[in-house]
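Beneath this line is the structure, given in structure tokens, with notes to follow.
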Amino acid sequence: MFNLAVAVALGLVAVLAVVRLTMWFLRAMRRGAASLPGALKSLTVEPPQGRAFNDSRDVWPMPKDD
């Protein structure tokens, strides 16, 4: 009988631990989802202002004999 009581107590402790971990995980997921739009916006690449860089012709002059 004592072994049964210990098994039931350990089972209740395990169930309580699983419930607490699940609630913590769900709370963390909600917080993460709420901050997701801001994090995604910070990853976007905005187009450069002004003229685009024009490969090697801006660095090396073109030969005149071509």
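We count residues from 1, following the sequence as given.
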For Leu21, the other hydrophobic cluster members (4.5 Å side-chain criterion, sorted by chain and number) are none
Going by chain and number, the hydrophobic cluster around Leu16 (ILVMFWY, side chain to side chain under 4.5 Å) further includes none
Listed by chain and number, what are the side-chain contact (heavy atoms from CB on, under 4.5 Å) partners of Leu26, not counting sequence neighbours? Thr22, Arg30
According to side-chain contact (heavy atoms from CB on, under 4.5 Å), who are the partners of Val15, at least two apart in sequence or on a separate chain? Val19
For a 4.5 angstrom cut-off between non-hydrogen side-chain atoms, does Trp24 reach Arg20?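 SC-SC contact between Trp24 and Arg20 ruled out.
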